[in-house]
Amino acid sequence: MNPDRVVFAAPGSGQGKTTAVTGLLGALRRRGDRVAPFKVGPDYIDPGYHRLAAGRTARNLDPVLVGADRIAPLLHHGSAGADLAVVEGVMGLFDGRIGGDEEVAFGSTAHVAQLIDAPVVLVVDAKGQSHSLAALLHGFRAYRPQVRVAGVLLNRVGSPRHEEVLRTAADNAGLPVLGAIPRTDDLEVPSRHLGLVTAVEHGADALRAVEAMTDVVERSVDLDAVTALARTAGDLPGTAWDPAAEVTPRGRPVVAVAGGHAFSFGYAEHVELLEAAGAEVALVDPLRDERLPEGTAGLVLPGGFPEQHASALSANTALRTEIRAFAGTGAPVHAECGGLLYLGESLDGEPMCGALPVRAAMSPRLTLGYRDAVAATESPLFAEGTRISGHEFHRTATEPGHGEEPAWFWRGPSGAHREGFVRGGVHASYLHTHPAGNPGAVARFIERCLR
């Protein structure tokens, strides 16, 4: 299988990639194409809009979290049965992990485009741009010729005359224009401290926003030109990633995975690995459900925005009480970021589960970045000393910041850092990990469930 594929990047953040890609996914689906959506990096929010538009699970491609060698197999896996794959980049085309000595920054959109041998379309916010667009496009084409910038998609174009000038500039730079999206306020979706409001929270409004994006892209973008460009992608190396090849089923424990509006940050591969390891995955919504699923042997509390739903989460006393008791038995509990906040004693003054002696509150400081971490304590997920790559992304803080038995240790610019909590069967931390990069942690979790 060699799926057609194309990457949409930008000169920097805020150029309109998500609007353009979401609308493109919807327009291609509307005309009957089966399109597989992907997002570069650890982003959880954009893929929610991609999924609505494409009607298909959106997946992340992050070399830092899963390793460069897994990127092509994950794209094979995620694009099975699709006519083409559309990949939205992160930040600017060449923006990646800071501190490496690679010619193309590790984990950047350019790096991923190389790993999957795909052409790149540059989405450019044209507001305030004119003839100078030619210089910008020429620079991005020439900077790293091994990254094939093959087209441009103009965003926020002010008028037909503006579009004409921009098309001439792109022609002078030797790049075809695949579309020109007009300037409009109808395509805005609400944002908050970590970016867009998640699609699952935005509900019917998210559907309307996706429809509006689809309408404007359908009118403004040459869909045939996009699919023709996707067909120029090279041979995709490797074979499809297979969760069944990563873990061995050992039993049939029930694993409850939190979801709903408050806990929507998760990777599709996590559930796939849990099921491949033999688990019966049962979803639980802490905003609605008052009991854990019958027979629960393990609990996964992913990230999300519990800080936006603290009062409602606190009001569900029955589930909070049951989760505290469940954690007290020593059963395995995997909590990341938002899950950590929920397990603590309080969140912005609202009582939470009380399974950990932690108080959490909103912070004026955004904590963001990749971490090369070492497991500081033996846990149901990791053996002590295990090395992983993870990602922090939060604007809350906990007191204390780690337990007597911390989950992680890493070194940063300010020196040694300890973070997270291991207590009985609980592993709780701000650090997000990608299960496809750490399948052994899933296998270990299931083994603990079966004890």
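In this chain, numbering begins with 1 at the start of the sequence shown.
Here CG of Leu341 is found 13.5 Å from CD of Glu350. Values are rounded to the nearest 0.5 Å. Distance check: Leu74 CG to Ile116 CD1 gives 11.5 Å after rounding to the nearest 0.5 Å. Note that CD1 of Ile181 and CG of Leu153 are 4.5 Å apart. Values are rounded to the nearest 0.5 Å. Expressed to the nearest 0.5 Å, how far CE of Met352 lies from CD1 of Ile323 amounts to 11.0 Å. The distance from atom CZ of Arg395 to atom CE of Met362, rounded to the nearest 0.5 Å, is 7.0 Å. With rounding to the nearest 0.5 angstrom, the CG atom of Asp215 is 10.0 Å from the OG atom of Ser220.
Heavy-atom neighbours of Arg31 CZ from other residues, nucleotides or ligands within 6.0 Å: above the threshold of 12. More than 12 heavy atoms of other residues, nucleotides or ligands shown are found within 6.0 angstrom of NE2 on His417. Enclosure of atom CZ in Arg418 is not indicated, since only 12 or fewer non-hydrogen atoms of other residues, nucleotides or ligands lie within 6.0 angstrom.
Residues Thr433 and Glu336 have side chains in contact (heavy-atom distance under 4.5 Å, counting atoms from C-beta outward). Proximity of His270 to His334: side-chain heavy atoms (C-beta onward) are separated by under 4.5 Å at one or more points. Two residues are said to be in side-chain contact when any heavy atoms from C-beta on lie closer than 4.5 Å; Leu343 and Val426 meet this criterion. A heavy-atom distance below 4.5 Å is not found between the side chains of Val87 and Phe8. Inter-residue side-chain proximity for Val177 and Leu166 is flagged as unmet; no heavy-atom pair is nearer than 4.5 Å. The shortest distance between side-chain heavy atoms of Thr386 and Val374 does not fall below 4.5 Å. Annotation: side chain of Val6 is not in contact with side chain of Thr227 (no heavy-atom distance under 4.5 Å). At a threshold of 4.5 Å between non-hydrogen side-chain atoms, the residues His50 and Thr22 count as touching.
Arg56 contributes a side-chain N or O that, together with a main-chain N or O of Gly78, makes up a donor-acceptor pair within less than 3.5 Å. A side-chain donor-acceptor contact under 3.5 Å links Thr232 to the backbone of Leu229. Looking only at distances, no side-chain donor or acceptor of Ser314 sits under 3.5 Å from a matching main-chain atom of Ala310. With Ser132 contributing its side chain and Gln129 its backbone, the two residues share no donor-acceptor pair below 3.5 Å. Between the side chain of Arg5 and the backbone N or O of Gly234, at least one donor-acceptor pair lies under 3.5 Å. Arg34 places a side-chain N or O within donor-acceptor distance of the main-chain N or O of Gly81, the cut-off being under 3.5 Å. In this structure a side-chain-to-backbone donor-acceptor pair under 3.5 Å is present from Asn438 to His434. Side-chain atoms of Asn316 come within 3.5 Å of backbone N or O of Pro286 as a donor-acceptor pair. In this structure, the side chain of Asp33 does not engage the main chain of Val35 through any donor-acceptor pair within 3.5 Å. In this structure a side-chain-to-backbone donor-acceptor pair under 3.5 Å is present from Asn155 to Gln15.
The closest side-chain donor-acceptor pair between Glu272 and His77 falls under 3.5 angstrom. Inspection of the Glu164 and His162 side chains reveals no N or O donor paired with an N or O acceptor under 3.5 Å. Checking Asp95 against Ser108 by side-chain atom types alone, no donor-acceptor pair falls below 3.5 Å. No hydrogens or angles considered: a donor-acceptor pair under 3.5 Å links the side chains of His432 and Tyr44. A donor-acceptor contact under 3.5 angstrom links the side chains of Asp62 and Tyr370, judged on distance only. Judged purely by distance below 3.5 Å, without hydrogens or angles, the side chains of Glu307 and Thr396 never pair a donor atom with an acceptor atom.
Among all heavy-atom pairs drawn from Phe38 and Leu75, the shortest one is CZ-O, 3.7 Å. Summarising the geometry of Val255 relative to Val300, their closest heavy-atom pair is CG1-CG2, 4.0 Å, with the distance given to 0.1 Å. In terms of heavy atoms, Lys17 sits closest to Gly89 at CE-O, 3.3 Å. Across every non-hydrogen atom of Ala268 and Arg59, the tightest pair is CB-NH1, 3.8 Å. Here the shortest heavy-atom pairing between Leu273 and Pro435 reads CD1-O, 3.4 Å. Leu175 and Ala150 get closest at one heavy-atom pair: CD2-C, 3.7 Å.
Phe382 has its ring centre less than 6.0 Å from the ring centre of Trp408. The aromatic ring centroids of Tyr342 and Phe263 lie less than 6.0 Å from each other.
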Verdict with reasoning, His76 to Leu236, per side-chain contact (heavy atoms from CB on, under 4.5 Å): CA-CA 8 Å; His76 272 300; Leu236 187 63; 3.4 Å; yes
side-chain contact (heavy atoms from CB on, under 4.5 Å) between Leu287 and His261, intermediate numbers included: CA-CA 8 Å; Leu287 290 173; His261 289 188; 3.8 Å; yes
Steps toward side-chain hydrogen bond (donor to acceptor under 3.5 Å, both in side chains) verdict (Glu246, Trp241): CA-CA 9 Å; Glu246 301 278 7; Trp241 178 81; 3.0 Å; yes
side-chain contact (heavy atoms from CB on, under 4.5 Å) assessment of Val358 paired with Phe421: CA-CA 9 Å; Val358 177; Phe421 303 80; 3.3 Å; yes
Residues Arg156, Thr184; criterion side-chain hydrogen bond (donor to acceptor under 3.5 Å, both in side chains); working and verdict: CA-CA 7 Å; Arg156 300 185 72 194; Thr184 174; over 6 Å; no
From CA spacing to verdict: side-chain contact (heavy atoms from CB on, under 4.5 Å), Val147, Phe140: CA-CA 9 Å; Val147 179; Phe140 271 84; over 6 Å; no
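Using cut-offs of 30° and 60° for the angle between ring planes, the Phe106 and His111 rings count as tilted.
Using a cut-off of 4.0 Å between Lys/Arg side-chain N and Asp/Glu carboxylate O, Asp348 and Arg359 are scored as not salt-bridged.
For the side chain to side chain contact (heavy atoms under 4.5 Å, CB included) criterion with Phe393, the lone passing option out of Thr367, Asp43, Leu366, Leu431 is Leu366. The side chain to side chain donor-acceptor pair (under 3.5 Å) with Lys39 is formed by just one residue from the set Asp46, Asn60, Thr18; it is Asp46.
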